[in-house]
J.: 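Just dropping this structure here.
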Amino acid sequence: MDSTRAVINLKALRHNLQILQRTAPQSQIIAVIKANAYGHGIVKVAQTLQHVHAFAVARLSEALTLRSTGIHNPIILLGGFFNGSDLTTLAAKDLQCVVHSQEQVAAIMQAKLPVPLKIWLKLDTGMHRLGFHPEQFDAVYKCLMDSENVQKPIDLLTHFHSADEVNNNATAQQLSIFQQHIQTSSGLKSLANSAAVFAWPETHFDAVRPGIALYGISPFADISARDLQLRPVMTLKSVLIAVRDHKAGENVGYGTHWTARNDTRIGVVAMGYGDGYPRLAPEGTPVLVNGRIVPLVGRVSMDMLTVDLGLGDQDKVGDDVTLWGEGLPAERVAQKIGTIAYELVTKLTSRVTLHYQE
Ligand SMILES: *Cc1c(COP(=O)(O)O)cnc(C)c1O
């Protein structure tokens, strides 16, 4: 077995889906598996979650990977198509697509398609990234309803910018704008990301779109995954490849910005930025060794990082190390680094092999 590996616990994945379904009992689940299922392996994750209503991805290449491995569920392209010439592929592969821009509408109207496209029309209720402004929305909707290239009914969606802030009433405002524009449509309505599934039940509607919570990571800064009854799916593991006595005043690794205050023992872990562990992780970033949290010290290098094991001889070469996951939530590591766990799990490189546990 590779020593540097991400163990993917499929039981935890199924458990998290159950929690989400229980939290939004009236809604279909659109499982968001973009970016290689947030680094967890898109094909295996899709196979494991095969009973969901649909999958959502960001890129056509991700959708084609799913189709070529025999995934028959509806697949939604969250960013739609970027190029009119992709429309025939969407039709041929039965891919649904989010429509958010006038350019896309024009391309759909002009296309010659063998079958009409299944589309999701996106209303910009306040994120101001993708989607039609409320003033344009009704006209665009009508125009697409009149097009033979579009399957009816048209499904509708919007996306929240601050659903993870449980006291921010921007979400209620976004919901209210959405409600003002969906009256005439008999299509599915979808708003909720993971945070909204838990914090904003009034946004559940026909289909919810959880991503991060499926992987057992909390979307909230101050509510833990455990509090939400979620279990981490990915555990990033490696081993100690050296354990060294280290004298007070000695530095470690590149540069000299960390020197030991006291005599100690340094553990060298086979994990670096070449694996996707962030180089910017500061001194004190937690690492789990033999059941205890020890601090990262010195700079993260390409293939290794170093931790302060303290005195005592409980750790030896070959011992398992957990960088995040079971026993050490990725959220905690991310917070120390100044990022979010979404980025940590998504950025692992191909050198880290994924090991699936049923
Ligand atoms: C990524 C994404 C989601 C999932 O968000 P999470 O915070 O991971 O639950 C839902 N909807 C859209 C449009 C997205 O881009």
J.: Can you list every pair that meets ring pair (Phe, Tyr, Trp, His ring centres under 6.0 Å) and has a residue in residues 86-106, with sequence neighbours left out?
T.: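 For residues 86-106: none.
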J.: What's the spacing between Thr285 OG1 and Gln335 CD if we round to 0.5 Å?
T.: 11.5 Å
J.: Do the charged groups of Arg265 and Asp245 touch, with an N to O distance under 4.0 Å?
T.: yes
J.: Angle between ring planes, Tyr342 versus Tyr38, binned at 30° and 60°: parallel, tilted or perpendicular?
T.: tilted
J.: Would you say the side chain of Tyr215 lies within less than 4.5 Å of the side chain of Asn16, judging by non-hydrogen atoms?
T.: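 No - every pair of side-chain heavy atoms lies 4.5 Å or more apart.
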J.: Kindly compute the distance separating CG (Asn290) from CG (Asp319), expressed to the nearest 0.5 Å.
T.: 4.5 Å
J.: Let me confirm one number: the OG1-CZ distance from Thr65 to Arg67, rounded to the nearest 0.5 Å.
T.: 12.0 Å
J.: Look at the side chain of Thr125 and the backbone N and O of Ile177, then say whether any donor-acceptor pair between them is shorter than 3.5 Å.
T.: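 Not confirmed, Thr125 side chain does not pair with Ile177 backbone.
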J.: Please enumerate all residues that pass salt bridge (charged side-chain N to carboxylate O under 4.0 Å, His left out) together with Lys44, with sequence neighbours excluded.
T.: Glu358
J.: Answer whether the closest heavy-atom distance between the side chains of Arg209 and Ile76 falls below 4.5 Å.
T.: no
J.: Heavy-atom distance under 4.5 Å between the side chains of Tyr356 and Thr48, does that happen here?
T.: no
J.: Would you mind listing every ring pair (Phe, Tyr, Trp, His ring centres under 6.0 Å) that reaches into residues 238-274, with sequence neighbours excluded?
T.: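 Residue pairs passing ring pair (Phe, Tyr, Trp, His ring centres under 6.0 Å), neighbours aside: His246-Trp258.
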J.: Run the side-chain donor-acceptor check on residues 84-99: report pairs under 3.5 Å with partners two or more places apart or on a different chain.
T.:
{"unit_1": "Ser85", "atom_1": "OG", "unit_2": "Asn83", "atom_2": "OD1", "d": "3.0"}
{"unit_1": "Gln96", "atom_1": "OE1", "unit_2": "Trp120", "atom_2": "NE1", "d": "2.9"}

J.: Does Arg5 have any salt bridge (charged side-chain N to carboxylate O under 4.0 Å, His left out) partners at least two apart in sequence or in another chain, and if so, which?
T.: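 Result, salt bridge (charged side-chain N to carboxylate O under 4.0 Å, His left out) vs Arg5: Asp320.
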J.: Would you list the pairs meeting side-chain hydrogen bond (donor to acceptor under 3.5 Å, both in side chains) in which at least one residue belongs to residues 135-149, sequence neighbours left out?
T.: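 The answer is Asp138-His181, Lys142-Asp146.
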J.: Can you list everything that forms a side-chain hydrogen bond (donor to acceptor under 3.5 Å, both in side chains) with Asn168? Sequence neighbours excluded, please.
T.: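 Scan of Asn168 (side-chain hydrogen bond (donor to acceptor under 3.5 Å, both in side chains), adjacent residues dropped) gives Glu165.
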J.: Does the side chain of Arg231 reach to within under 4.5 Å of the side chain of Asn9, using non-hydrogen atoms?
T.: no
J.: Keeping Lys189 on the side-chain end and Gly187 on the backbone end, is there a donor-acceptor pair under 3.5 Å?
T.: yes
J.: State, yes or no, whether a side-chain contact exists between Lys237 and His355 at a heavy-atom distance under 4.5 Å.
T.: no
J.: Rounded to the nearest 0.5 Å, how far does NE2 of His40 lie from CG of Leu354?
T.: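 If I round to the nearest 0.5 Å, the distance is 9.0 Å.
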J.: If you group Ile, Leu, Val, Met, Phe, Trp and Tyr by side-chain heavy-atom gaps below 4.5 Å, do Val294 and Val321 land in one group?
T.: yes
J.: Which residues pass the salt bridge (charged side-chain N to carboxylate O under 4.0 Å, His left out) test with Asp303, not counting sequence neighbours?
T.: Arg351
J.: Identify, with sequence neighbours excluded, every residue that meets ring pair (Phe, Tyr, Trp, His ring centres under 6.0 Å) alongside Trp200.
T.: none
J.: Do Leu20 and Val208 have side chains that get closer than 4.5 Å, going by heavy atoms?
T.: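 No. Closest side-chain heavy atoms not under 4.5 Å.
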J.: Might you work through the side chain to side chain donor-acceptor pair (under 3.5 Å) test for Thr264 and Asp308, ending with a clear yes or no?
T.: CA-CA 7 Å; Thr264 187; Asp308 184 353; 2.5 Å; yes
J.: Can a donor-acceptor pair be found, under 3.5 Å and without considering hydrogens, that links the side chain of Gln21 to the backbone of Ala24?
T.: yes
J.: My understanding is that only residues two or more places apart in sequence, or in another chain, count here; which of them pass side-chain contact (heavy atoms from CB on, under 4.5 Å) with Ala106?
T.: Gln110
J.: Please report the interatomic distance OG1(Thr306) to CE(Met271), rounded to the nearest 0.5 Å.
T.: 13.5 Å
J.: Taking C-beta and beyond as the side chain, do Asp227 and Phe220 meet within less than 4.5 Å on heavy atoms?
T.: no
J.: Using 0.5 Å steps for rounding, measure from the CG atom of Asp275 to the OG atom of Ser350.
T.: 9.5 Å
J.: Does some side-chain heavy atom of Pro278 sit less than 4.5 Å from a side-chain heavy atom of Leu344?
T.: yes
J.: Considering residues at least two apart in sequence or located in another chain, which fulfil the salt bridge (charged side-chain N to carboxylate O under 4.0 Å, His left out) criterion with Lys118?
T.: Asp155
J.: Quick one: does any side-chain atom of Lys152 pair with a main-chain N or O of Met145 as donor and acceptor, under 3.5 Å?
T.: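 Yes, Lys152 side chain to Met145 backbone: donor-acceptor pair under 3.5 Å.
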J.: According to ring pair (Phe, Tyr, Trp, His ring centres under 6.0 Å), who are the partners of His204, at least two apart in sequence or on a separate chain?
T.: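 Ring pair (Phe, Tyr, Trp, His ring centres under 6.0 Å) list for His204, sorted by chain: empty.
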